[in-house]
Protein chains: 2
Amino acid sequence: MPRHPRIPDAGVTRLSLYLRELSRLEGEGASFVSSAELARALTLTSAQVRRDLSYFGQFGTSGRGYEIRRLKRIIPRILGLEGRMWRVALVGSGNLGSALLAYRGFRERGFVIKAVFDKDPRKVGRVVAGQRVEEAGWLADVVRGRRIQIGIIAVPAVAAQEVCRRLVRGGVRAILNFAPVSLAAPPHVKLRNVDLSVELESLSYYLSSLNANR
Amino acid sequence: MPRHPRIPDAGVTRLSLYLRELSRLEGEGASFVSSAELARALTLTSAQVRRDLSYFGQFGTSGRGYEIRRLKRIIPRILGLEGRMWRVALVGSGNLGSALLAYRGFRERGFVIKAVFDKDPRKVGRVVAGQRVEEAGWLADVVRGRRIQIGIIAVPAVAAQEVCRRLVRGGVRAILNFAPVSLAAPPHVKLRNVDLSVELESLSYYLSSLNANR
DNA sequence: GCATGTGAAATAATTCACAGCA
DNA sequence: TGCTGTGAATTATTTCACATGC
């Protein structure tokens, strides 16, 4: 991919949002969309949309906007989702893990879950969303053997760091962590934390500073 | 709260991370922590930690760092979590909803789930994590009746916008949305989207742009 | 000596605003 | 006319670096 000068991190994240909105628009039969429309749908500004896209090329048409079909082909290419699959391991088959497994969106975007692990012997052997839950003991070896590139951590906080270590030992290059702890990983592994609790807490800040009470 | 000049949004979000790390440190018997230690644990810089805290006051001691106990009292006060409960409604009792219900962290921070709704008649009446699942039909009225302030959306994408509308009609002031759609809400309602899929997709960008293949 | 708190500088991200194209 | 693409300006956030206090 071209990958021009300095591309804001925030902009990259928004590309997936554009992609999702484009699918919705296409489903409604639209064939062009303006930056203003996209912006309205996603609570952004039109300049933001244009700027984000302009980092990667000139995809729009003056006076008309962006051709939806074209953009739907281009964005996955930019994101590195085109013509390839990412091999994913999910660790933890509790409620959150199951929710992730059940989510169709991953597969649609090229993320294929190649292994599901759980420490709990009662869960091992079960089949969740077509995936057999495996013994977590040899996680690293299995991950390496199946050439898995991405790990998703959906285990309790106390277990997360150890799981992280094993995933790294197995050779993953990226980890998505849902456990409420900050994990340490070597610099060559891209680590992203998604913290369900932190989101709620910062909402509290805005609520309580906005108005006194209710 | 003082709420000085311009407080970066990003800094507010980090306050919860500090809080979590402080609990961990306290559990290990530590009584002081330096900005450098906090930074290392959370993959930040020490300047960032000091700056974030300095927006709200001077809590550290030169040469020693921050007193953990003190900071643990102060941060909840800043976040508006002290001496109060936030009343929360959870909509959707599928896997994700159940995971959120089961998460002890919410209650510890003062978020009390006062209602769980589901559209599916088979799920209505069930008890999940001590909460009886209720009929989603009267959502708005129940939310208003129980004076619920925060709504959490954990339903499929297609249903999310309608749920959002009802929560707003019921008078919530903040919504945490886990459905993979961008929702529209009036400006007086603070809306935050947490997108599980988007996180994975942006990881893909970094992976594929970093090295050619594997 | 060690670590805070904070101006000042640097960098990142957003927004303005407008020339230019369809 | 309507909308893109993009310099320039603006605003937000991070980092530097150091005077100051324990």
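Lettering follows sequence order; numbering is per chain, from 1.
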Tell me whether [X] is salt-bridged to [Y], with the criterion being a basic N under 4.0 Å from an acidic carboxylate O.
X         : Y         : answer
Glu26(B)  : Lys72(B)  : yes
Arg40(A)  : Glu37(A)  : no
Arg104(B) : Glu108(B) : no

Using a cut-off of 4.0 Å on non-hydrogen atoms, how would the nucleic acid contact of Arg64(A) be classed: base, sugar-phosphate, or nothing?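 Touches sugar-phosphate only.
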
For a quick check of understanding: with a heavy-atom distance under 4.0 Å over all strands, which category does Ser35(B) fall into, base, sugar-phosphate or nothing? sugar-phosphate

Strictly below 4.0 Å: does [X] bring a side-chain N or O up to OP1 or OP2 of [N]?
X        : N       : answer
Tyr55(B) : dA12(D) : no
Thr45(B) : dT15(D) : yes
Arg51(B) : dA8(C)  : no

Which one, [options], comes nearest to the side chain of [X]?
X        : options                  : answer
Ser54(A) : dA13(C), dT6(D), dT15(D) : dT6(D)
Arg50(A) : dG5(D), dT14(D), dT13(D) : dG5(D)
Gln58(B) : dT13(D), dT15(D), dG5(C) : dG5(C)

How close or far is atom [atom2] of [N] from atom [atom1] of [X], stated in whole angstroms?
X        : N       : atom1 : atom2 : result
Asp9(A)  : dT14(D) : CG    : P     : 12 Å
Tyr66(B) : dA3(C)  : OH    : P     : 12 Å
Phe32(B) : dG1(C)  : CZ    : C1'   : 17 Å
Leu44(B) : dC16(D) : CG    : P     : 14 Å
Phe56(B) : dT6(C)  : CZ    : C1'   : 16 Å
Gln48(B) : dA10(C) : CD    : P     : 19 Å
Glu37(A) : dC3(D)  : CD    : C1'   : 11 Å
Ile68(A) : dT4(D)  : CD1   : P     : 12 Å

By nearest-nucleotide position on DNA chain C, the 5'-leaning member of Thr61(A) and Ala47(B) is Ala47(B)

Which sits closer to the 5' end of DNA chain C, Arg14(A) or Ser62(A), going by the nucleotide each is nearest to?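 Of the two residues, Arg14(A) wins.
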
Donor-acceptor contact present, side-chain Arg146(B) to main-chain Lys114(B), <3.5 Å: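 Yes.
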
Less than 4.5 Å apart, side chain to side chain, heavy atoms only: is that true for Arg109(B) and Leu19(B)? yes

